[in-house]
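Step one of this worksheet: look at the structure below.
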Number of protein chains: 2
Amino acid sequence: MPVTIKDIANYAGVSVGTTSKVLNNRGNVREDLRFRVQAVIEKLNYRPSALARGMKIKRTNTIGLIIPKIMNTFYVKVIELVEKEVHDRNYTLILGNSDEDLEREVNCLRTFSDMRVDGLILASAGRTQEGRIQEEISAYRALDIPIVLIVRNLSNTDLDTIELENREGAYQATRYLIENGHRRIGMISSSIQTSAGTERIEGYMKALEEFQIPSDRELVHMGGLTLDSGYIITGKLLSLPNPPSAIFVGTNFQLLGTLRSLKERDIKIPEDISLICFDDTEWSSFADPPLTVIEPYSEDLCKLAAELLFDRIDGMYSAEGRHRVIPTRLVVRKSVNRIA
Amino acid sequence: MPVTIKDIANYAGVSVGTTSKVLNNRGNVREDLRFRVQAVIEKLNYRPSALARGMKIKRTNTIGLIIPKIMNTFYVKVIELVEKEVHDRNYTLILGNSDEDLEREVNCLRTFSDMRVDGLILASAGRTQEGRIQEEISAYRALDIPIVLIVRNLSNTDLDTIELENREGAYQATRYLIENGHRRIGMISSSIQTSAGTERIEGYMKALEEFQIPSDRELVHMGGLTLDSGYIITGKLLSLPNPPSAIFVGTNFQLLGTLRSLKERDIKIPEDISLICFDDTEWSSFADPPLTVIEPYSEDLCKLAAELLFDRIDGMYSAEGRHRVIPTRLVVRKSVNRIA
DNA sequence: TCAATTTTATGAAACGATTCATTATAAATT
DNA sequence: AATTTATAATGAATCGTTTCATAAAATTGA
């Protein structure tokens, strides 16, 4: 029997209407009454129910964020940055982690729509069974809840979408390796990630073509977004009769596997092999050696996501889906060697 | 004008009461009606409002989790593990990140109580101005929302509390160093963290005493939970006339600073200095060399937190606060050298 | 002082679900 | 066939807010 607005009203000897005005700092309430009501609120430790309130005003001041893997440092950064944006606008962030699992993602989507979040930022777990996700997206449309897709796009052209400059980033990485004399460059990419995996391979290919380096299919591999996948693929690359002098790892999760594989074989970076990775992580600068990486501008990503979303929430924009691309930059550290 | 239960009822030609029964799979509704209602639900993409529902049944099936820093890998693990526990019980996790800021923590606490979470797991940002937090905690009591305090206790003996075995863990670490021949051991600890900082120092002292090694105040430092603090303190330790042969770093955030400082001075681990750290992190096994650490059993921590919390939510327990301690274990890798 | 005007306070309706007492229908028993 | 019993469906009350039309009180102007 928690205390309600009625209790406050009774206790302070005013009507609930007046109490509500005090709560919301809406005008037209006598100073002494306002004061009295506020005192009672303090005294009884009253907290207005966001449920009742949200139901009446049809806004909950909450934003949902669904990410595919919380153990991935990239998404941790996304969480932090999005939270900041959301918080600055006086909204509360509700987080969902699908752990790369479609069922769990659908589950999050349902829960969030049930909770009537005012908007959703979604980094989807995949497109394999897009149907399920699309169904949920329809529900959001029916409820008039705007969605911004980030990082992993769903080929929904009607939704606001922000992706990373995967092709260009991979091109930068590969080009940098080539410019440092590398000709045989291993590429480890991902298959789960909606389009990012293939886009990164495309960028890699583009650089090779540009420098007229024949591409060797044995050097290009796709795998799951896991440490193991990185480990296994690296092993394959290293045991090639003519192994690569450099490896471009497409994701930070696979990178861990690559590092493990190299360490086990006592292969030194960059002396024995050069390494470059997509995604910056907190510790890539602490690794030994510090890693040269392609870093996406996560901050811009999150800021933009919030802008697009709140534009819609605030009714500033309601036309067709906007599509934005976030650039990446090459951060040169010490994991790439210049070779003959 | 999203579709409501009334719309479903009208459309299906039944009463809202019946519709509600269908929604909740409660008995006593004819097969054909149930089917008809379900069809309409599908067709109209109906999602029952958790707000209205929660308001009526006084349960929201949500659990709040507040952590002090999401960039800290330890807490990322906590998030993941707690989420799993919560999810398994058919609840939704709502995450708050106080970023070690008391105001933001208070803010999270308010928001969560407003939302009427069914329970709260709190790793508090500090005790400096405990008053503010205590006020909020009173509100939770008034609302009958159970709280479990983890990692950072607030000297609230009436709340369920789970802490890490800080003293014993630090003792293990120090003892291990001593057994490897180290006599001058630097200690970097934290001051912000409620009691953990001093407890870890106590464990360090205990080990020194046990081996009758005189403690040198110059070797023991407390600092903020930041990279910079680790960096600065390490610098101080290294420029001592008689620098330590080993350093015990109390937190993984400070560790990054220590690593940076060592790298800058080209001091090799473990050849030139031995290192051991409290907190395991995903990458400590990938560092060069892999780091010997004191690892808290985070899994047990989170499982237990969920158990204590749901015990109360389910009304299985309602007596005085329970206090549990989670053990730590020494994970030997390669950052400690045996010296003469 | 009184009417006109402005300011402030009130209470009922609404939001969208659940619940429960009641009524309607179907099944079972004699 | 009539009565009892079991099963289904209904609709009004309720949860805790906000809002708004209305009423009461205070203020103003003559």
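Naming: A, B, ... by sequence-line order, numbering from 1 per chain. From a predicted model like this one, the values you see are computed outputs, not experimental measurements.
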Problem - Polar side-chain contact K21(B)-dA9(D) base: donor and acceptor under 3.5 Å - result: yes

Problem - Donor-acceptor pair present, K56(A) side chain and dT18(D) base, under 3.5 Å - result: yes

Practice task
Pick base, sugar-phosphate or nothing for S20(B), based on heavy-atom distances below 4.0 Å to the nucleic acid.
Solution key: base

Exercise for the section: Mind checking R26(B) for me? I need base, sugar-phosphate or nothing, with any heavy atom below 4.0 Å counting as a touch. Expected result: sugar-phosphate

Practice task
For L143(A) and dG16(C), give me the distance from atom CG to atom C1', rounded to whole Å.
Solution key: 13 Å

Problem - Spacing between I57(B) atom CD1 and dT19(C) atom C1', to the nearest angstrom - result: 12 Å

Hey, is the side chain of [X] poking within less than 4.0 Å of OP1 or OP2 on [N], counting only N and O atoms?
X: T18(B); N: dT10(D); result: yes
X: S15(A); N: dA9(C); result: no
X: R30(A); N: dT8(C); result: no
X: K58(A); N: dA14(C); result: no

Exercise for the section: Test N107(B) against H87(A) for side-chain hydrogen bond (donor to acceptor under 3.5 Å, both in side chains), laying out the working first. Expected result: CA-CA 10 Å; N107(B) 204 69; H87(A) 194 261; 3.2 Å; yes

Exercise for the section: List the atom of N45(A), the atom of S138(B), and the distance in Å for their closest heavy-atom pair. Expected result: ND2-CB, 3.6 Å

Problem - Pair K77(A) + E80(A), salt bridge at N-O below 4.0 Å - result: no

Fill in the blank from the handout: Checking dA12(C), dT18(C), dG16(D) against the side chain of N24(B) (C-beta onward), the nearest is dT18(C)

